[in-house]
Amino acid sequence: MQLPDKYLSPYNSSDYEDSLYKTWEDSGFFNPDNLPGERDETYCIIMPPPNANGRLHAGHGTDMTLKDIMTRYHRMTGKKTLFLPGSDHAGFETQGVFEKKLQKEGRSRFGMDRQDLYNEIYDFVMENKHITESDLKKLGISCDWSRNTFTLQPDVVSRVQDTFIKMFNDGMVYRGKRSIHWNPKFQTSLSDIETKFEQRKDPFYYFQYGPFVIGTSRPETKFADKYIVVHPDDARYAEYDHMQEFEVEWINGPIKATLIKDEVADMELGTGAMTITPWHSQVDFELAQKYDLPVEQIIDWDGKLLPIAGEFAGTKIHIARPEIVKKLEEKGLAVKIDEEYEHAVRLCERTGVVVEPQIKDQWYVKMDKLAAMTLESLDKGEYSFVTKQYEKTFRHWMEHPQDWNISRQIVWGIQIPAWIKADVEGNEEIIVSREKPEGEGWTQDPDTFDTWFSSGQWPLMTLGYPDGNDMEYYPTNVMETGADLVFKWVPRMIMFGLYLTGEVPFRDIYFHGMVLDKKGVKMSKSKGNVMSPIELAQDFGTDAMRMAFVVANPPGSDMPLSEDKVRAYKKFANKLWNIARFVYTSLEDFDHTAAVAISEEDQKHIDAFNTTRDEIASDIEQYRPHLAAEKVYHYVWTTFANEVLESTKSALSDETTPEDKASKQAMLHSILEGILKIAHPFMPFITEEIWKDYPKENKTLLMIENWK
RNA sequence: GGGCGAUUAGCUCAGUUGGCUAGAGCAGUUCGUUUACACCGAAAAGGUCAGGGGUUCAAGUCCCUUAUCGCCCACCA
């Protein structure tokens, strides 16, 4: 063969990547239906859908690379392999992003028509979605774009709604007034896992309340407090009886208060006596239900005080707080203020807004049975954690299930298929159905589902549940995703899978860690240490970037990433390029179709390669891609380039017999093929490009060549 | 309060079921421009694998313990 000119200059990824991706895509082999040969065994990975509202980050890079390595490997071993892409509407997050955009334009979603708002967000998301998809292609991932799915496409919407209807009919969902986490700025409720705690130092106030001194950090909620709670064993209050009543002078005049003795009171905190505000505290609400106490709203949905606050009505709570304290001081009811009080404040995880507990009618999923099914299935070994360290955490969470609030007061999502008719007394009649019920007065619940309600059904929806052809891929092989989804997403998919089909959606769960910057600090826009996979791919080549994402990145632990690391694998790509150059040059007078006797020495090299190749295969199959990648690197550079290749140099010159030379040529020819194959899942572009020139009969794309 | 994990070369980290003469990248030392590659090669240097104890023929790897650091969950009127 003649050495192609392209090898005369160093490997320049940008000259090849786009056209190679197009070649793969045009070949149709991303779609398992088009793969050649008999393929009885299926292999399927469902892509965790990136949110359709922004650019890819380094986490996506790792995520996609790991999945693509597994996909490409299994495709080469002859399985009917499907890597199924999609995107998630990411309800609350997307609407948040969109509202910021509106704000910049001096607009607001409030007052906008529901459908207009939805349509505007839809257009915004579609634009971003296309950018994301072209970004994904730059990562070289071999997913079947013909099966690309979006959570808000009509057939997904209707099937997700059907699940809700089935759950309602099965008594698995209910509607009820509950203490919810309310985000007053974004006007929506949140589930437990959408909130986080932040340690803050706030003043802690002690007020005289009848014969008691109560402690509180939230005086602005106290207007309607008529119940005092102390611990039954608290000796300081032994003289008072449970349900004893007192006349109390309070913020806006005298009231009648009642003492409750209950173990929820913490004797260590403050004076051990508190008053309760059921509407604005989850714990208090539970207590109110236990003793059948009245509940009254003090703070409105915007975070302002209601008329019950008298002169403070209409005031934002953080403004009212010091004024209320001042009034109590003037009345001589303020005992003392502890300025050093540290406590945890619940915030909205995505927006950082302080959450206000409120009481609202919401839809809930009953979790007890679903959680039990999920645990039972785990015990039976129907699915398992590759990253074992998460199993215990997962179990603990599943053993203490909380009912799941699935209603969101936003438009960007799948509307809940429930119709409500209220009579004059405010009693509600509810029909759950996709179609509007017969008769007058029905309005559809304006709320949408929590995003995780639809993404929890993602493997089912993408594979066409209930009766689509692709259900042959269910259960899928592995769910590879970020560890932050151990509660948010993974358990929900398992629960929906078991509930709807009786089978888990995937066999193995593999969590990769977070990608940190080179100092080990979490990447974030505000810190300015974000590394874009797209820029890395442009600067160093996608193959180099993929290697950097995999090497030294064991399952389940975080990984720092630096440009130096990516640069190292760019060099490696060039090394591979020059190995090809050397081998192809050496094969100038070699006939690859002729039978050649391989010398004992050369056979040893081939055998050693085969051993390495099999180790790499087992590393990939057993979820050790980080070791597999390192072995590829080490074999190619140290063993092959530095040892094998060097050892052939004298023989390939004219100082040898023709037989020996032919043996060396055949050995190099054979091992180069193997190297391109073992490197392909990790570095698909450069290997495919070198493969183009590889002398072989009946050659196909490297992507679908046989691994061995 | 409950749980998980980390501690290995100057720095950032690998090291699967115990078999190690402990590896990689970057940084740094010496030599080399020998036609695959200077996006390179050769050679050397750097580590009582956090401390202590134990199991074993054998421990970076398993067990106990101490210290430091990180993360997650729960709760805090």
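- Here Lys222(A) lies in heavy-atom contact (under 4.0 Å) with sugar-phosphate atoms only.
- Below 30°, between 30° and 60°, or above 60°: for Tyr237(A) and Phe212(A) the angle between ring planes is between 30° and 60°, a tilted geometry.
- Counting any heavy atom pair closer than 4.0 Å across all strands shown, Asp484(A) reaches no nucleic acid atom.
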Show the atom names and distances, to 0.1 Å, of all donor-acceptor pairs under 3.5 Å that link a side chain in residues 627-635 of chain A to residues at least two apart or in another chain.
{"residue": "Lys631(A)", "atom": "NZ", "partner": "Asp619(A)", "partner atom": "OD2", "Å": "2.7"}

Structure string for RNA chain B in dot-bracket form, Watson-Crick and G-U at under 3.5 Å, | interchain:
(((((((..((((.....[...))))..((((.......))))......(((((..]....))))))))))))....
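- Contact annotation: Lys575(A) side-chain N/O to rA38(B) OP1/OP2 distance is not under 4.0 Å.
- The number of heavy-atom neighbours closer than 6.0 Å to CG of Asp368(A), taken from other residues, nucleotides and ligands shown, is above 12.
- Counting any heavy atom pair closer than 4.0 Å across all strands shown, His396(A) reaches no nucleic acid atom.
- The pair Arg321(A)-Glu220(A) counts as a salt bridge, with a side-chain nitrogen and a carboxylate oxygen less than 4.0 angstrom apart.
- The Glu646(A) side chain lies nearest to rA36(B) when the options are rA36(B), rU16(B), rC13(B).
- For the pair Arg395(A) and Asp379(A), the salt-bridge criterion is met [side-chain N within less than 4.0 Å of a carboxylate O].
- A side-chain hydrogen bond (donor to acceptor under 3.5 Å, both in side chains) check over residues 544-561 of chain A, counting only residues at least two apart or in different chains, returns the pairs Asp68(A)-Arg546(A).
- Among the nucleotides rG41(B), rC39(B), rC37(B), the one closest to any side-chain atom of Lys570(A) is rC39(B).
- Shown here are the side chain to side chain contact (heavy atoms under 4.5 Å, CB included) partners of Pro322(A), two or more places apart in sequence or in another chain: there are none.
- Residue side chain Lys392(A) does not reach the base of rC4(B) through any donor-acceptor N/O pair under 3.5 Å, judged by distance alone.
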Review item, nucleotides 44-46 of chain B N/O atoms under 3.5 Å of protein N/O:
none

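- For the pair Leu627(A) CG and rG15(B) C1', the interatomic distance rounds to 7 Å; values are reported in whole Å.
- Heavy atoms of Asn553(A) sit nowhere under 4.0 angstrom from any nucleic acid atom.
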Sugar-phosphate atoms are those with a prime plus P, OP1 and OP2; base atoms are the rest. Using that split, label each nucleotide of nucleotides 24-30 of chain B B, S or - for protein heavy atoms under 4.0 Å, 5' to 3'.
-SS----
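- Between Trp397(A) and the phosphate of rG3(B), there is no side-chain N or O to OP1/OP2 separation shorter than 4.0 Å.
- Among the protein residues, Thr216(A) comes within range of the sugar-phosphate backbone only, with heavy atoms under 4.0 Å from sugar or phosphate atoms but none that close to a base.
- Ring geometry for Tyr7(A) against Tyr584(A) counts as perpendicular: the plane angle is over 60°, on a 0 to 90° scale with 30° as the lower cut.
- Under the 30°/60° scheme for interplanar angles, the aromatic rings of Phe511(A) and Tyr390(A) are found to stand perpendicular.
- Using a 4.0 Å heavy-atom criterion, one finds that Tyr227(A) contacts no nucleic acid atom at all.
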